[in-house]
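Chain naming here is simple, since letters A, B, ... match the order of the sequence lines and numbering starts at 1 in each. These values consider heavy atoms only, across backbone and side chains, with no hydrogens, waters or symmetry-generated copies.
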Protein chains: 4
Amino acid sequence: MTDQLDPARPGRKRSEEARQAILAAALELTAEAGYARLTIDGIAARSGAGKQTIYRWWPSKDDVLLEAGAGEADLHVPIPDEGSYRADLRAFLTASFALGRRRQLTDVLRALMARAQIDDAFGQRFRTAFLQRRRDALAVILDRAQARGELPAGVPAGTIADIVFGVIWYRLLATGQALDNKLADELTTVLAGPPSGSGEPALHASRRKRT
Amino acid sequence: MTDQLDPARPGRKRSEEARQAILAAALELTAEAGYARLTIDGIAARSGAGKQTIYRWWPSKDDVLLEAGAGEADLHVPIPDEGSYRADLRAFLTASFALGRRRQLTDVLRALMARAQIDDAFGQRFRTAFLQRRRDALAVILDRAQARGELPAGVPAGTIADIVFGVIWYRLLATGQALDNKLADELTTVLAGPPSGSGEPALHASRRKRT
Amino acid sequence: MTDQLDPARPGRKRSEEARQAILAAALELTAEAGYARLTIDGIAARSGAGKQTIYRWWPSKDDVLLEAGAGEADLHVPIPDEGSYRADLRAFLTASFALGRRRQLTDVLRALMARAQIDDAFGQRFRTAFLQRRRDALAVILDRAQARGELPAGVPAGTIADIVFGVIWYRLLATGQALDNKLADELTTVLAGPPSGSGEPALHASRRKRT
Amino acid sequence: MTDQLDPARPGRKRSEEARQAILAAALELTAEAGYARLTIDGIAARSGAGKQTIYRWWPSKDDVLLEAGAGEADLHVPIPDEGSYRADLRAFLTASFALGRRRQLTDVLRALMARAQIDDAFGQRFRTAFLQRRRDALAVILDRAQARGELPAGVPAGTIADIVFGVIWYRLLATGQALDNKLADELTTVLAGPPSGSGEPALHASRRKRT
DNA sequence: GGCTAAGCGAGACGGTACGTCGCGTCTTCGC
DNA sequence: GCGAAGACGCGACGTACCGTCTCGCTTAGCC
């Protein structure tokens, strides 16, 4: 996220303490007052750092927030192997939705996604450092499913990812509706067919029923 | 969008000319330099209006842009009645995607969606004035399908809308991938089953094929 | 000192209230904490003005201080006509020295003279707006004396001015010694000969005494 | 100028090389860009020294400049003994004016005099290390003249020094007029009477002429 | 010859002030 | 009384230097 520096060069080393304080201050201030009132001055004051120290290591306050938020989000979505595409997908959705229910985190993510629209350079970094990682995680599941031949015909893996992340982000950004288990069930049904125990072997049973 | 005024009031009437010039200036400046460089001062200068005139009629520059952009977007997505849910959905997607391919328009929409995350009050207006209208349009199609019993089981109409708009917005905001006919086909397949002529009556053909 | 503007143009007029408050704040802060701690931010805060308002009308804080200080200094040195060069000069010195004993004023003048050395553009303005005016005042006296034929031979008026202002500024800047009546007497003696009532008709009596 | 250190203590010795490089860099940068753009960082970079090395040996950049400039100025004004006050004074003025015509040197001196107004502690050091030394030099001449009874009546030696240095500094700081031989003549005439070869034994010839 | 003390270049650190930009408000004048 | 022009108070920006503080490294006397 931040630059790698030649470790054998002279001069005082970067202060890990300051780094932590800055990241923490950014998260705290966003939680307390909202992204709209987050300022570099504020982060500096809260963290006890000088503004220059922030500018030295991050190109914008958004990147501070990205680094602060990324650590939190990264950890909590392991890639499960439950034995079937359906189960894997369900587990991925459950874990992702759990993150999506943490208000402080989603407030940060919404702000970052917003800034990614307005600041192109940051947008690039946000996509690489966050969005793509989440897609990569899902891709592992989808690749495995593909290898097993479990993926539905006519819908490439990329589009499945678009649907999964599309729904998550749309609810975060546009409707604010909760990411609950019901939605997870529905998405699983749409993307991997109805639960095996149901009398319905395929999605569009209702139509066929009528015939 | 803007206030209704008692038409029998004394004094000079609101200048329609100024309104048009302001909306046009907002769109032009966004197209030329991007939302990040859009300012009230800039709109005033470009349009020949005074800043006060803008503040008198719009609560923020975002609302100017919303009014400017909404007019454009509203018109082009009629609600078709093609006889079947599948065909209606396909038509809706095609029309929506066509809008989503107009770069100048999507740049404005991306900026508005971004601002909606950062400015809560504007977010409310944006959802009401834009996002909800698009959902309402789709809802007409979905209600009709529901009445005809064409909707897949296990997936409420609201979730279908989340998928449709989720994918559209996710591509606009996150990946920048084009909204093409292939995607329309795939989404239609996912949400309304495979094309009737395909010999594949249901989605999860591939799995059953293997059996 | 500050720009003349076309009085018939549209828009809000410059706030005389703000101008006064800014000038007063600059003087107060210099008196309280010294020029070294005078800042634009401080002037703005003390005066209740915005920084931009200061930058709009003065090119630097030094020019604020110059305008603030000039008003004070201008008034108090009238150009006397006492009937003789000697008496005129003595009166000029007395009045100038009186100013030079006002500590708050000389602190400002010393700071301005200092800044004139460091900032060339300001130096030009300081010379024109202040230093030259003082020379002009003395020039009136010297011209009158010249016309009367009272000026000593071999020393042009310009050099007399250099001596008068040189001594004043040197004491202010270099030694801090008081500008007292004794000095006024001595300078008058050097530049206009000994007092007429003295038994010494000319300056270099002592030398002739010894012969 | 710089601290005396116990010569018998352990540890690396002060680098004379660094000292020279720092003084040279300070002079060069002042000559090239002016005092206003002289910074500690700049001196360190130009000289290849670290900032700490500068702060270790000098309390401020002004003191660096003072030490750099003083060496140059000290040497060139020997105290002559020409046999008469008049001749001594003339020689002192000539030598001083010669220094005052070296632009690079006077730029430094003007900056130092300026800083002496703004930074009181440095002012003290500047007066002691530079201004007082020049007065002391002149004092030798004046004491000698006093002992010989050559000084004009009614004007103490201190005031003569004020006039001499006052005129020099005033021209440097305020008018920028050259310090030429004509001025030396005029000052000599004012302070020591007209040249002995002239028919005018005393200053105020013009007035007596008219009688 | 190893130890200890100080100086060295380098560069990150907490600060302060800078000068600018844009905001949203206000005042003035002309239509 | 609307609308342009534009000054106003305000707050944040990103930058420049300040003076201090580690770093890892020389360099020199002393045991």
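- Note: CD1 (C/Ile43) to C1' (E/dA17) measures 12 Å, nearest angstrom.
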Check your understanding: What pattern of brackets, bars and dots sums up DNA chain F from 5' to 3', given Watson-Crick or G-U wobble pairs under 3.5 Å, [ ] for crossing pairs and | for another strand?
Key -> |||||||||||||||||||||||||||||||
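- With rounding to whole Å, D/Lys13 atom NZ is found 23 Å from F/dC25 atom P.
- Inter-residue side-chain proximity for C/Ile40 and C/Tyr55 is flagged as met; some heavy-atom pair is nearer than 4.5 Å.
- Judged as a salt bridge (charged side-chain N to carboxylate O under 4.0 Å, His left out), and not counting sequence neighbours, C/Arg127 has no contacts.
- For D/Ser15, the side-chain contact (heavy atoms from CB on, under 4.5 Å) partners are D/Glu17, D/Ala18, not counting sequence neighbours.
- Among residues two or more places apart in sequence or in another chain, the salt bridge (charged side-chain N to carboxylate O under 4.0 Å, His left out) test is passed with B/Arg125 by B/Asp63.
- Residues passing the side chain to side chain donor-acceptor pair (under 3.5 Å) test with B/Arg46 are B/Glu28, B/Glu32, sequence neighbours excluded.
- Nearest-nucleotide assignment on DNA chain E puts the 5′-proximal partner with D/Gly11, out of C/Lys61 and D/Gly11.
- For E/dG30, neither phosphate oxygen OP1 nor OP2 lies less than 4.0 angstrom from any side-chain nitrogen or oxygen of C/Arg9.
- The separation between C/Arg19 atom CZ and F/dG9 atom P is 14 Å, rounded to whole Å.
- In this structure the side chain of C/Arg19 reaches within 4.5 angstrom of the side chain of C/Arg14, judged on heavy atoms.
- In this structure, CD1 of B/Ile22 is placed 15 Å from P of F/dC2, rounded to the nearest angstrom.
- Not counting sequence neighbours, the partners of D/Ala44 by the side-chain contact (heavy atoms from CB on, under 4.5 Å) test are D/Lys51, D/Ile54.
- A donor and an acceptor atom sit less than 3.5 Å apart, one in the side chain of C/Arg12 and one in the base of E/dC26.
- In this structure, C/Glu16 and A/Tyr55 both approach DNA chain F, and ranking their closest nucleotides by distance from the 5' end singles out C/Glu16.
- Residues forming a side chain to side chain donor-acceptor pair (under 3.5 Å) with B/Gln104 (at least two apart in sequence, or on another chain): none.
- The side chain of A/Trp58 places no N or O atom within less than 4.0 Å of a non-bridging phosphate oxygen (OP1 or OP2) of F/dG14.
- As rounded to whole Å, 7 Å separates atom P of F/dC8 from atom CZ of C/Arg14.
- The interatomic distance linking B/Asp62 (CG) with E/dG24 (C1') rounds to 14 Å, in whole Å.
- Using a 4.0 Å cut-off on heavy atoms, the residues of residues 28-42 of chain D that approach DNA chain F are D/Thr39, D/Ile40, D/Asp41, listed by number.
- Applying the side chain to side chain donor-acceptor pair (under 3.5 Å) rule to C/Gln124 yields no partners; only residues at least two apart in sequence or on another chain are considered.
- The stretch residues 47-54 of chain D comes close to DNA chain F through D/Lys51, D/Gln52, each having a heavy atom under 4.0 Å from the strand.
- Under the side-chain contact (heavy atoms from CB on, under 4.5 Å) criterion, B/Ala68 pairs with B/Leu23, B/Leu27, not counting sequence neighbours.
- In this structure, C/Lys61 forms no cation-pi arrangement with C/Phe122, as its terminal cationic atom is not both closer than 6.0 Å to the ring centre and no more than 45° off the ring axis.
- Applying the side chain to side chain donor-acceptor pair (under 3.5 Å) rule to A/Arg103 yields the partners A/Asp107; only residues at least two apart in sequence or on another chain are considered.
- Remark: P of F/dC13 and CG of A/Asp63 are 14 Å apart, rounded to the nearest angstrom.
- At F/dG3, one or more side-chain N or O atoms of B/Trp57 fall inside 4.0 Å of OP1 or OP2 (strictly under the cut-off).
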